[in-house]
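A short write-up of the structure that comes next.
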Amino acid sequence: MAQKLALDAALDAETAKSILAAAPAANPYLAAMEREGQVGIGAASVEIADDPKAVRLKEIEGSMKVFNATNRRASGRVAKE
């Protein structure tokens, strides 16, 4: 980051130093990404068998799809697939 500020920014040395002093030593976003895992297209293939919360959320998601489809049919609306 220091190198990026020195080469690409039109800042004087004191301003660059103050920016770096204010920056956290550890990036909280990177820490959260490490803790929570990958997010994105490949995240759908993550194994959830070891995570009871994730297993339960997946179970609820499936049962809600069935519940909503049943309610749509009962009300005369066409179920969306």
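Listed by chain and number, the residues in a side chain to side chain contact (heavy atoms under 4.5 Å, CB included) with Asn71 are Phe67 (sequence neighbours excluded). With sequence neighbours excluded, no residue satisfies side chain to side chain donor-acceptor pair (under 3.5 Å) with Ser63. Residues passing the side chain to side chain donor-acceptor pair (under 3.5 Å) test with Glu59, sequence neighbours excluded: Arg56.
Apart from Leu57 itself, the hydrophobic cluster it occupies contains nothing, where clustering links Ile, Leu, Val, Met, Phe, Trp and Tyr at side-chain heavy-atom distances under 4.5 Å.
Interatomic distance, Asn68 CG to Arg73 CZ, rounded to the nearest 0.5 Å: 11.0 Å.
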